[in-house]
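What follows is a set of notes on a single structure, which appears directly below.
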Amino acid sequence: MIPKNNLIDRCGRNTLRIAGVSIGLLLLLVLLVQTTPARAQTQISRTVHNLTPTGPGSFRVGEAAGLCVFCHTPHNANPTRALWNRELPGVTYKLYESSTLQAQLNQPTGSSRLCLSCHDGVLAMGNLRVAPPDSHFSLGPLTGKAALGTDLSDDHPVSFVYDSALALRRGQLKDPAGLPQTIRLDDTGQLQCTTCHNPHDDRNPKFLRIDNRFGALCTTCHSPRYWSEATHAKSSATWNGTGTNPWPAGAFPTVAENACLNCHRPHSAGHPARLLARSVEPANCTACHNGSVASKSIEAEFLKPFHHPIENNQWTHDPKEEPALMPRHVACADCHNPHAATNTTATAPTASGRQRGVPGVSIGGNRVAEVSFQYEVCLKCHGMKEPTTSGIVRLDSTRNIRLKIDPNNPSYHPITAPGKSTTILGLEPPYTAASMIYCTNCHNNDEWTVAGTRPNGPHGSRFEPILERQYQANDPSTESIQTYALCYKCHNRNFLINDQARTFLHEKHVREERAPCAACHDPHGSRQKPHLINFMLRDRTGKTVVSPSRNLGRLEYLSLGLGRGQCYLQCHGKNHEPETYPD
């Protein structure tokens, strides 16, 4: 039997020992409970979400108040999740829309709905469910850029289920199973405002969960094909200070660092669909490609008399468009994919890096998801339908370029395949009978040179129709090295004019009679005759050039073998019925 005093003493010591452990655990719990809110409170206190008189923002109350009370309350919260202390306005929001959208959007739910109780700018920010005793807050609705309004069509969509099925269906999205812990979907698997923003922590600008330098936040979910290799993802170019700053406030100094923000805005975008930064479609490219960031000005090319009319039919282009059905238009994105384009060069007919990732049309008239050849980009617009604009009228009346450059034709310029005439002579070096060329060998900037400062490509020219050099097609035309500079780029002038081939009297027709090259030759190709023969009936002015022969009423060219042929026609008042070449 243990003595009473010893029992008391032993129990007391045990009690003290147990109490010591309990006190230690209690202190630890108190520290954990206090430290976490204290850390969060310290972070929030330095942010614009601190609406107390000590807050750094322009929206704050004039009287002392608790830091958390503007969002949270321990009693009478609605909803109880997050112990929310603000009324939720009964509004219906206009949601994001896009032809490429695959997610099923809902009216904002969860944390997004809570964020919008301030950020839609509808209710006063001082309108709390449970206000502190004796408080008289007069804080009105949020204004400025942070107020998104009730039209959310120009904001990144929220409150949709982001799952593996969506990533597979949409394409170029990462499987959410691999998202880092810092990027959070809510308990229902929905993407919300809080997926990207942490309202308690502004260590990154705009409360972003991770630093978005180099598009790190955007590419957590988005995975554009070829992006890691693209020029826009790697360029060290900076704004040179001329004109308007192309980037939003707080942007990084280089193209690569700004990444997605070069062209897109996650909130209050200039053009809602695909969240493009600017409301004028071409400006999304020319904001940088006007010489202020990119070294060469593309914008200036579109001021030339002959150019691709990107200023017309804006916002008609669509990533999912079908070339055979799409309305007539042209946009930068028809020829360039900003997520994929590089400066990688190539040789004809292979598409260069500038056309990487662009859809097009094959020579057979089928849509291709990504072009392999440059001409497939051009045929998307110039190979599916007859043009609606006026132009040269020929014996074979089609103006569909795809039909003219078909390698099954008797003759064509070597764009899709080496030319049919393996014995052709008089070509300027380095061209040979086996050479192939790009569409842009002829259709290009008239001021471009290899070592110059003007950009390459068919954006604009002084010469119709967007030609690199002069090509006079009206009848009559006085022959000179300037008049037919485009032809003489590849075909030696002396060889032709001095009839060194001993086949056709070019000197008589082109120099003496002032017949343009275009009177006989269709520069893209001929579906009926060799040597690109497709007689011009009327030039661009509407003047009759070639007509049927006077007596027989024939209008045709007959090949009599290598270097020989006959013409039945009337031209420049001369009746050919027939005229045989060479004489």
Side-chain angles (χ1 to χ4, degrees), residues 281-282 285-286 289-291 294-313 317 323 328-338 341-361 363 371-385 387-389 391-392 399-402 404-405 412-416 436-450 452-471 473 485-487 489-490 518 522-525 540:
E281 186 175 18
C285 299
T286 57
H289 289 275
N290 59 1
S295 60
K296 297 178 180 180
S297 176
I298 301 293
E299 184 179 47
E301 300 306 308
F302 295 109
L303 301 177
K304 291 181 177 179
F306 305 106
H307 62 272
H308 273 112
I310 58 172
E311 71 276 13
N312 297 337
N313 304 309
H317 173 78
R328 188 170 180 83
H329 71 279
V330 62
C332 301
D334 280 301
C335 303
H336 306 287
N337 180 340
T342 70
N343 290 324
T344 304
T345 59
T347 56
T350 305
S352 73
R354 288 182 174 86
Q355 284 83 45
R356 188 169 65 164
V358 175
V361 167
I363 192 63
V371 300
S372 299
F373 309 111
Q374 187 200 70
Y375 62 79
E376 291 177 325
V377 178
C378 305
L379 294 185
K380 187 164 52 176
C381 292
H382 298 287
M384 299 304 291
K385 302 174 183 177
T388 58
T389 56
I392 292 171
R399 294 170 62 200
N400 183 322
I401 303 302
R402 181 175 60 83
K404 293 187 176 191
I405 62 175
Y412 48 85
H413 256 119
I415 296 168
T416 57
M436 294 188 66
I437 62 174
Y438 286 123
C439 299
T440 50
N441 278 66
C442 297
H443 298 282
N444 201 350
N445 176 10
D446 61 294
E447 296 177 281
W448 176 78
T449 59
V450 174
T453 60
R454 307 300 294 187
N456 191 9
H459 306 101
S461 172
R462 293 177 297 130
F463 303 122
E464 186 180 10
I466 314 182
L467 294 176
E468 179 185 293
R469 308 182 189 194
Q470 187 173 5
Y471 171 69
L486 190 66
C487 303
K489 175 183 177 181
C490 301
D522 188 332
H524 294 104
R540 289 196 186 97

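As the structure is a prediction and not an experimental result, all values here were calculated from the model.
Looking only at side-chain heavy atoms (C-beta outward), Val358 and Cys335 stay at 4.5 Å or farther from each other. Inter-residue side-chain proximity for Pro465 and Arg540 is flagged as met; some heavy-atom pair is nearer than 4.5 Å. At least one side-chain heavy atom of Asp334 sits less than 4.5 Å from a side-chain heavy atom of His329. Residues Asn343 and Arg354 meet the side-chain proximity criterion, which asks for heavy atoms closer than 4.5 Å.
Salt-bridge annotation for Arg454 and Glu301: present, with a side-chain N of the basic residue lying under 4.0 Å from a carboxylate O of the acidic one.
In this structure, the side chain of Lys489 does not engage the main chain of Arg469 through any donor-acceptor pair within 3.5 Å. Side-chain N or O atoms of Tyr438 include one that pairs as donor or acceptor with a backbone N or O of Thr347 at under 3.5 Å. Looking at Thr416, its side chain does come within 3.5 Å of a backbone N or O of Ile405 through a donor-acceptor pair. Side-chain atoms of Arg328 never come within 3.5 Å of backbone atoms of Asn313 as a donor-acceptor pair (strictly under, hydrogens ignored). Glu464 contributes no side-chain N or O that, together with a main-chain N or O of Phe306, makes up a donor-acceptor pair within less than 3.5 Å. Under the 3.5 Å distance criterion, the side-chain polar atoms of Asn444 are left unmatched by any main-chain donor or acceptor of Asn441.
Looking at every heavy atom in both residues, Ser352 comes nearest to Thr344 through CB-O, 3.4 Å. When every heavy atom of Ala348 is checked against every heavy atom of Ile437, the shortest pair comes out as CB-C, 3.6 Å. Of all non-hydrogen atoms in Ala294 and His289, the two that sit nearest each other are CB-ND1, 3.5 Å. When every heavy atom of Gly357 is checked against every heavy atom of Asn337, the shortest pair comes out as O-ND2, 3.1 Å. His317 and Ala331 make their closest contact through CB-CB, 4.0 Å (heavy atoms, listed as atom of the first residue, atom of the second, distance). Taking both residues in full, the closest heavy atoms of Glu376 and Ser372 are given as OE1-N, 2.8 Å, listed atom of the first, atom of the second, then distance.
Taken from SG in Cys332 to CD in Glu281, the straight-line distance is 7.5 Å, to the nearest 0.5 Å. To the nearest 0.5 Å, atoms CZ (Arg399) and OG1 (Thr388) are separated by 8.5 Å. Between atom SG of residue Cys378 and atom CD1 of residue Ile415 there is a gap of 8.5 Å, rounded to the nearest 0.5 Å. With values rounded to the nearest 0.5 angstrom, His382 atom NE2 is found 10.5 Å from Asn400 atom CG. Between atom OG of residue Ser461 and atom NE2 of residue His308 there is a gap of 11.5 Å, rounded to the nearest 0.5 Å. The OH atom of Tyr471 sits 10.0 Å away from atom NE2 of His443, with the distance rounded to the nearest 0.5 Å.
For Phe302, the ring pair (Phe, Tyr, Trp, His ring centres under 6.0 Å) criterion is met by His459, not counting sequence neighbours. Not a single ring pair (Phe, Tyr, Trp, His ring centres under 6.0 Å) links His307 to another residue, sequence neighbours left out.
A side-chain donor-acceptor contact under 3.5 Å links Asn445 and Lys304.
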